[in-house]
Protein chains: 2
Amino acid sequence: MTERAADVPAETRERILDAAEALFGERGFDSVSLRDITGQAEANVAAVNYHFGSKEKLVDAVVERHAGPINEERMRRLADAEERFEEGPVPVSEILDAFLRPVVDEIMKDPVTERVFCKFMGRIMSEQGYQLPESVKPLFQQMAAAFAQALRMARPDLSDQTVMWRMHYSFGVMSHTLMHSEKLEQISAGRSGNPGLEKLFDHIIEFCAAGFLAPEQGEEGQW
Amino acid sequence: MTERAADVPAETRERILDAAEALFGERGFDSVSLRDITGQAEANVAAVNYHFGSKEKLVDAVVERHAGPINEERMRRLADAEERFEEGPVPVSEILDAFLRPVVDEIMKDPVTERVFCKFMGRIMSEQGYQLPESVKPLFQQMAAAFAQALRMARPDLSDQTVMWRMHYSFGVMSHTLMHSEKLEQISAGRSGNPGLEKLFDHIIEFCAAGFLAPEQGEEGQW
DNA sequence: CAGTCATTTAAACGTTTGCTTAAAACAGAT
DNA sequence: ATCTGTTTTAAGCAAACGTTTAAATGACTG
């Protein structure tokens, strides 16, 4: 086992993952070259193909590192909320909280990679043409279905399509905000404990929950 | 002046712009090569540099083609609404309508490029690191400032930061929805007149306006 | 018809891309 | 010290990238 230098932490594999996450978040998957990544990770280009097989699998590995835990935590929190509210429907804001909070937690695990991961998550959600790795797809779909059903129960007066769309909108709010999280700095100035980030998510939940509570108008079934 | 073939419409310059718009929207700016574009436009690679100077300036040209007219129309509609409501504040939903409607109109100008342009607009708004062309920046900032002020007047009880953030969120909803407009098809099935698209934007306005109407909670000034 | 201009073209430029190779460096066990 | 398996490395591959060049083509004018 090699001793690591002070400024080059952890194993090569991890360093590559960290560098890739940072650069992918900043500039997108296609625009970042393996040499950009290995340059920042202080590793050899060939190391990527040795550890991951290809650039595409590197992307998958970066996504898998966070997506699994986040989606599992979402399911856990939703189940917890459903238990707390017994048979009655879970309020929309509680559902949205179960959806967003795990992202905040994941971001705040490592304060160093905080902003980096913000952008990366935002990019995953907004980059289109990008396919989730097969390994995380099932859990993701399962999660989306569970949240859709919870929201339908919370707003039984809304049509299914409206619920789906408003879920979609909430996704957009979160994704867009994470992507442009530089502007988040003016908020999370007070670093320790990061009250700013949590406040921001509360703010998002406020906005989306209110959007969900809007009555459905116009002729229904037209869609 | 050359006569154009039936399947190769318009001038080379326009064909390149059309192809670029379609491909950029579909796959992003960096991932699309000049050869992809000229291949689809049935033109020579060198034609891009002849007509536009560089790939970057091509991107600017595609953006400028739509951004100017849209932002001007936004200003016009906002001014119109302010006139309609005299001294009293313009309702949030009217402001959002003035912001979104010009996009719908621009999209529907040419039904062929409809979906193409949807994605392109969405990408412009979400792609980060991308800089608006200098030629459209001033108008864009002017537009954003005018809408921010109108919204502050519509909700004088909200803090300035909250108004800014909720504007940001609304931006995210629109951007995300445009980016993933494939899913829009299930809606705009009935083609002629495209009632689907207009309905979708009404739906978005409903959601965002309701979000704006949410009371501000939590300790203020903390930010 | 020759001359002038704008446009289009094929070919090539030097870089950079993702990926492979074969040898070197390393760790741990014998 | 020697073998074994893993990891890292420099060097190089073909392909694709944005851009440039110089010649060919086209459409008008004198």
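The analysis underlying the following values was restricted to heavy atoms, covering all of them including side chains, and did not include hydrogens, waters or symmetry mates. Protein chains get the first letters and strands the later ones, always in sequence-line order, with residue 1 at the start of each.
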Interatomic distance where CZ belongs to B:Phe52 and P belongs to D:dT20 [whole Å]: 16 Å

- request: Return the set of residues passing side-chain hydrogen bond (donor to acceptor under 3.5 Å, both in side chains) with B:Ser33 (not counting sequence neighbours), or none when no residue passes.
  value: B:Asp36

Can I get a per-line list of side-chain donor-acceptor pairs under 3.5 Å for residues 137-148 of chain B, giving both atom names and the distance, sequence neighbours left out?
unit_1: B:Lys137; atom_1: NZ; unit_2: B:Gln131; atom_2: OE1; d: 3.2
unit_1: B:Lys137; atom_1: NZ; unit_2: B:Glu134; atom_2: OE2; d: 3.3

- prompt: Starting at NZ of B:Lys57 and ending at C1' of D:dT19, how long is that distance when rounded to a whole Å?
  reply: 12 Å

When the side chains of residues 44-51 of chain B are checked against the rest of the protein, which donor-acceptor pairs come out under 3.5 Å, sequence neighbours left out?
unit_1: B:Asn44; atom_1: OD1; unit_2: B:Ala46; atom_2: N; d: 2.8

- request: Rounded off to whole Å, could you give me the OH-to-C1' distance for the A:Tyr50 and C:dA22 pair?
  value: 15 Å

query: With a 4.0 Å cut-off, would you call B:Asp18 and B:Arg65 a salt bridge?
result: yes

Let me check something: any side-chain donor-acceptor pairs from residues 93-104 of chain A under 3.5 Å, sequence neighbours excluded? List them with distances.
unit_1: A:Glu94; atom_1: OE1; unit_2: A:Arg84; atom_2: NH2; d: 2.5
unit_1: A:Asp97; atom_1: OD1; unit_2: A:Arg101; atom_2: NE; d: 3.2
unit_1: A:Asp97; atom_1: OD1; unit_2: A:Arg101; atom_2: NH2; d: 2.6
unit_1: A:Arg101; atom_1: NH1; unit_2: A:Glu198; atom_2: OE1; d: 3.4
unit_1: A:Arg101; atom_1: NH2; unit_2: A:Asp202; atom_2: OD1; d: 2.9

- request: Indicate whether OP1 or OP2 belonging to D:dT7 is found under 4.0 Å from a side-chain N or O atom of A:Thr12.
  value: no

- request: Could you list the residues that satisfy salt bridge (Lys or Arg N to Asp or Glu O under 4.0 Å) with A:Arg77, not counting sequence neighbours?
  value: A:Glu73, A:Asp105

message: Can you measure B:Arg13 atom CZ to C:dT8 atom C1' for me and round it to whole angstrom units?
response: 16 Å

field: Side-chain N,O (A:His51) to OP1/OP2 (D:dT8) below 4.0 Å
entry: yes

Which protein N or O atoms sit under 3.5 Å from an N or O of nucleotides 14-21 of chain C?
unit_1: C:dT17; atom_1: OP1; unit_2: A:Ser33; atom_2: OG; d: 3.1
unit_1: C:dG18; atom_1: OP1; unit_2: A:Val32; atom_2: O; d: 3.4
unit_1: C:dG18; atom_1: OP1; unit_2: A:Lys55; atom_2: NZ; d: 2.6
unit_1: C:dG18; atom_1: OP2; unit_2: A:Leu34; atom_2: N; d: 2.9
unit_1: C:dG18; atom_1: N7; unit_2: A:Arg35; atom_2: NH1; d: 2.8
unit_1: C:dG18; atom_1: O6; unit_2: A:Arg35; atom_2: NH2; d: 2.9
unit_1: C:dC19; atom_1: OP2; unit_2: A:Lys55; atom_2: N; d: 2.7
unit_1: C:dC19; atom_1: N4; unit_2: A:Arg35; atom_2: NH2; d: 3.2

